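Written out below as structure tokens is the structure these notes cover.
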Amino acid sequence: MKKAIFGLAIAATSLVSCGSQSNKSARNQDKGSDKQAVSQTGNGTAKTATVTDVKNTVSIKEIVNQYLIIKNGLANDNGQVAANGGKAFVKSIGKRDTKSFTAEQKKIWDDITPDAKEMAEHIGANPDKLEHQREHFEILSKDLYDLVKAFGGGQVLYKDFDPMYNGGKGAFWLSESKEIKNPYMGKAMFDSGSVKEEIKYP
Amino acid sequence: MSLSKKTLLAVALGFIVIQFIQPTRNNNDRILTTDISKIVSIPDSVQAILKNACYDCHSNNTAYPWYSNIQPTSWLMAKHIRKAKEMLNFSEFGNYSLRRRISKLDGISNSIKDNIMPISSYKLMHKNAQLSPNQMMLIINWALDSKDSLSGIK
């Protein structure tokens, strides 16, 4: 049983090509949909970013929108906005109709959403603790990226990377615009980071 | 008997009565196959800290202090332990999906780093749970290493 669960998790991870450091190779295997493109980053320097097409059209736009509210709240150092976004995120997950999902999508959904929900709950419960919210936001961002890859975000999204957060380990986030507004650093260093990937939709 | 005496008597009686209503104890010595020690490796130094500072609330086995026998303390404790185990249960760590195991380890490292855990009321009563900077580093590094090994990075 444990083996089966582990196998499933591995399968799901490689399917959606999770954004952790170890999965660069997995992403490269995502044949056909990846191509290199030049995109403009927030601080004006041209960098190479991957462009991915998400063909799937069962969009999770509402969930993505709540995530973006959290992200923008954190980028503006506004924990209350982020907290409200977190609460709304939890609600959106809860009411999403999963009947139209394929069996494969349902599996991915059941893997990711309990984790994402928990992260959003923490963000919702701590409007006065920005740093704590950001820690949960980092994990939430991984979850959301995997969800978007499996379902489609309902809009073009950018995967941005901040190399400094987490004591130099770095962390990424998803954004609705090419302009960098760093949710980990907030207003102090709002434009640090760069676009790593453009996720097209549909 | 004056009213205040009656009230006092009622409170005292109530106090005695609730002593007989004790919640089920969180005591399960058996190490389950889902225990975190079966999932990731835990050095003895780390295991000792987890046991002293975390397991009372975050496992299926609480080492109860004497005052836990006095009501309403045991209710409050039972409630607290139930909530804590909902967040993280080291005894049933194996029941989490791979994704959640990784997130939980991240959470452990973050809550130690940010001094969120162990909570101050617990530290007040448990000297062992007052972690030194060195002990904190041990837990943080262990959690992050375990996370990396689960993620397949190491």
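The sequence lines fix the lettering, A, B, ..., with proteins before strands; numbering per chain opens at 1. Since this is a predicted model, take the numbers as computed values, not measurements.
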**Message:** Check this for me, if you would: do B:Arg99 and A:Asp111 make a salt bridge, where the nitrogen-to-carboxylate-oxygen distance has to be below 4.0 angstrom?
**Reply:** yes
**Prompt:** With a 4.5 Å limit on heavy-atom distance, are the side chains of B:Asp106 and A:Glu135 in contact?
**Reply:** no
**Request:** Taking all non-hydrogen atoms of both residues into account, name the closest pair between A:Pro114 and B:Arg100 and its distance.
**Result:** O-NH2, 3.9 Å
**Request:** Return yes when atom NZ of B:Lys51 has more than 12 non-hydrogen atoms of other residues, nucleotides or ligands closer than 6.0 Å, and no otherwise.
**Result:** no
**B:Asp44 atom CG: more than 12 heavy-atom contacts under 6.0 Å** = no
**Message:** Just checking A:Phe190: does its CZ atom have more than 12 heavy atoms from other residues, nucleotides or ligands closer to it than 6.0 angstrom?
**Reply:** no
**Prompt:** Is chain A contacted by the side chain of B:Asp114, its backbone, both, or neither, given a heavy-atom distance below 4.5 Å?
**Reply:** side chain
**Message:** As an exercise, state the distance from OG of B:Ser151 to NZ of A:Lys142, rounded to the nearest 0.5 Å.
**Reply:** 6.5 Å
**Message:** For A:Glu131 and B:Lys113: C-alpha separation, side-chain torsions, deciding distance, then whether side-chain contact (heavy atoms from CB on, under 4.5 Å) applies.
**Reply:** CA-CA 11 Å; A:Glu131 288 318 308; B:Lys113 188 179 79 198; over 6 Å; no
**Request:** Tell me, yes or no, whether the heavy-atom count around B:Tyr67 atom OH, taken from other residues, nucleotides or ligands under 6.0 Å, exceeds 12.
**Result:** yes
**Over 12 non-hydrogen atoms of neighbours within 6.0 angstrom of NZ in A:Lys91** = no
**Ion pair A:Glu118/B:Lys104, N-O distance below 4.0 Å** = yes
**Message:** Would you compute the distance between atom CD1 of A:Ile139 and atom CG of B:Leu105 and round it to the nearest 0.5 angstrom?
**Reply:** 10.0 Å
**Prompt:** Around atom CE of B:Met87, are there more than 12 heavy atoms of other residues, nucleotides or ligands at under 6.0 Å?
**Reply:** no
**Request:** Can you measure from OG (B:Ser103) to NE2 (A:His136) and round to the nearest 0.5 angstrom?
**Result:** 9.5 Å
**Inter-residue atom distance A:Asp115.CG - B:Ser97.OG, 0.5 Å rounding** = 6.5 Å
**Prompt:** Tell me, side chain or backbone of A:His122 under 4.5 Å from chain B's heavy atoms, or both, or neither?
**Reply:** side chain
**Asked** Which answer fits A:Asp110, side chain, backbone, both or neither, if we ask what part of it has an atom under 4.5 Å from a heavy atom of chain B?
**Response** neither
**Message:** Given heavy-atom pairs under 4.5 angstrom as the criterion, report whether the side chain, backbone, both or neither of B:Ile102 touches chain A.
**Reply:** neither
